[in-house]
Amino acid sequence: MGRSYRIAVVPGDGTGPEVVAEGLKVLDAVADGFGVETISYDLGGERYLRTGETLPDPVLDELRSVDAILLGAIGHQDVPPGVLERGVLLKLRFELDQYVNLRPVKAYPGVSLPVATVQPEDVDMVFVRENSEGLYVGAGGVSRRGTGEEVATQESVNTRFGVDRCLRYAFELAGGSDRRGHVTLAHKTNVLNYAGDLWSRAFAEMAAAYPDVSTDYVHVDAACIYLVEDPGRFDVVVTDNMFGDILTDLGAVIQGGMGVAAGANLNPEGVSMFEPIGGTAPDHTGRGTINPLAAIGAVELMLRTLGEREAADRVDAGIGLAVSKMASMRAGEMGFSTAEVGDLVVEGATR
Ligand code: IPM
Ligand code: MN
């Protein structure tokens, strides 16, 4: 018996199923020397509207035992904001303790980039977004709701344990052979005097344990400027959950757009989940116009995490070929349909 992986697939809502189908097409084409068993899970807006369920416990328990999860997109126009995000996506991240949200930002050669000043060769960085704490834990509350005296608080929770494990991941990554040995901390220490203080002390101590990794610090607002004006300065960027959420959307834009941005929710000791970060794209749903490269990039990240480096490299070569032929990374402007882009990747991955 050779190696084999059990992959849970959650196509989800909107364009999720369309892009996941292309990801699986590519996975099938590069699965050479190992087996893949996929198990599909119907989670998302349609299920919620039908049954009132978001992520039932028996499903969650099954997901605890797979080798990886591939997710399409979660979100539905007929469901109030937050229900599916908290009930499915964030619940998966938290329950499976996927404490690192890894978001590579890389421009493929020849890709036309939305920001005119950015050169593709300067865009090659990885965001390590803390994924289990911060403003996302749902701490806080409301009183006198709906009155003129309403009070709402939303607290950012930062633990030394949580910050340290995220920083350690970033330093290990930066020191490895795939990166350039530099870590930037992005935060807002000039205003967030408690959380920022914890992060910067933990960062300095972690840096001392990795003498071969160079470091710097940028305020998160300045990081936005640098991402547009000098992206080449970034190698590994580590940051908290909320800042990471925002910075990686900007990162997605400088790398070519949401259509190419993939992310991994990692629990290095447990089950990890891989997703295109673009969302459900309701305007493009069912039209074959959405860019599947982000979902295919998520498959690449999944293969790399599973240790299938050769297969991952083939997916990367396939994406490279597709990018070189596509007119644009934007949905509806690619010059190809969703399935045709998937076919191009397969062609590039298998030759
Ligand atoms: C992301 C998304 C999610 C987040 C939402 C949908 C909850 O924006 O993956 O970046 O904020 O983390
Ligand atoms: Mn986001």
Side-chain angles (χ1 to χ4, degrees), residues 10-17 19-20 23 43-48 54-55 68-105 125-140 154-158 162 166 186 220 223-224 227 237-267 271-282 285 290-291 293-295 297-299 301-302 305:
V10 182
D13 302 311
T15 49
V19 297
V20 161
L43 298 172
E46 294 298 335
R47 177 167 183 163
Y48 176 76
T54 48
L55 175 59
I69 304 169
L70 181 65
L71 180 89
I74 297 287
H76 198 290
Q77 281 157 314
D78 302 334
V79 180
V83 173
L84 299 170
E85 291 82 352
R86 283 217 159 273
V88 184
L89 184 61
L90 297 181
K91 187 167 174 188
L92 282 167
R93 289 179 185 168
F94 279 83
E95 287 288 337
L96 300 176
D97 201 20
Q98 295 162 341
Y99 61 85
V100 164
N101 195 324
L102 190 77
R103 295 186 163 180
V105 171
M125 68 197 86
V126 181
F127 281 86
V128 176
R129 166 187 173 189
E130 203 292 319
N131 210 34
S132 66
E133 301 193 336
L135 282 166
Y136 278 70
V137 300
Q154 195 90 46
E155 289 160 19
S156 175
V157 173
N158 301 263
C166 176
V220 63
C224 294
L227 276 172
V237 184
V238 66
T239 190
D240 87 351
N241 209 339
M242 185 84 260
F243 294 146
D245 176 47
I246 298 165
L247 285 176
T248 54
D249 268 23
L250 183 52
V253 168
I254 66 161
Q255 86 184 122
M258 288 312 241
V260 291
N265 301 277
L266 300 177
N267 177 342
V271 180
S272 298
M273 176 167 74
F274 302 84
E275 54 173 341
I277 74 176
T280 53
T285 299
I290 194 74
N291 188 345
L293 289 183
V299 167
L301 280 170
M302 179 172 82
T305 306

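The first residue of the sequence shown is numbered 1, and numbering continues consecutively from there. First listed ligand is number 1; within each ligand, the first listed atom is number 1.
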Any non-hydrogen side-chain atom of Arg86 less than 4.5 Å from a side-chain atom of Thr54? no
Shortest non-hydrogen pair, Gln98 vs Val271, comes out as NE2-O, 3.0 Å
>> Between Glu155 and Val157 (side chain of the first, backbone of the second, donor and acceptor by atom type, cut-off under 3.5 Å), is there such a pair?
In response: no
Separation between CD (Gln77) and OG1 (Thr280), nearest 0.5 Å, reads 7.5 Å
For the residue pair Val105 and Leu227, establish whether any side-chain heavy-atom pair is separated by less than 4.5 Å. no
Between the protein and ligand 1, are there any N or O atom pairs that come within less than 3.5 Å of each other, and if so, what are their names and distances?
from: ligand 1; atom 1: 8 (O); to: Asp245; atom 2: OD1; distance (Å): 3.3
from: ligand 1; atom 1: 9 (O); to: Arg93; atom 2: NH2; distance (Å): 2.7
from: ligand 1; atom 1: 9 (O); to: Arg103; atom 2: NH2; distance (Å): 2.8
from: ligand 1; atom 1: 10 (O); to: Arg103; atom 2: NH1; distance (Å): 3.1
from: ligand 1; atom 1: 10 (O); to: Arg103; atom 2: NH2; distance (Å): 3.1
from: ligand 1; atom 1: 10 (O); to: Arg129; atom 2: NH1; distance (Å): 3.3
from: ligand 1; atom 1: 10 (O); to: Asp245; atom 2: OD1; distance (Å): 2.9
from: ligand 1; atom 1: 11 (O); to: Tyr136; atom 2: OH; distance (Å): 2.6
from: ligand 1; atom 1: 11 (O); to: Asp245; atom 2: OD1; distance (Å): 3.4
from: ligand 1; atom 1: 12 (O); to: Arg93; atom 2: NH1; distance (Å): 2.7
from: ligand 1; atom 1: 12 (O); to: Arg129; atom 2: NH1; distance (Å): 3.4
from: ligand 1; atom 1: 12 (O); to: Arg129; atom 2: NH2; distance (Å): 2.9

Review point. For Asn267, does its backbone N or O pair with a side-chain atom of Ser272 as donor and acceptor, under 3.5 Å?
Key: yes
Value for CD1 (Ile74) from CD (Glu85), rounded to nearest 0.5 Å, stands at 9.0 Å
I would like to know whether Tyr136 and Asn131 meet side-chain contact (heavy atoms from CB on, under 4.5 Å); could you show each step before the answer? CA-CA 8 Å; Tyr136 278 70; Asn131 210 34; over 6 Å; no
Tested for side-chain hydrogen bond (donor to acceptor under 3.5 Å, both in side chains) against Arg129, the lone hit among Thr239, Asn265, Thr248, Asn241 is Asn241
Given a cut-off of 2.8 Å, the protein N, O or S atoms lying below it from the Mn ion (ligand 2) are Asp245 OD1
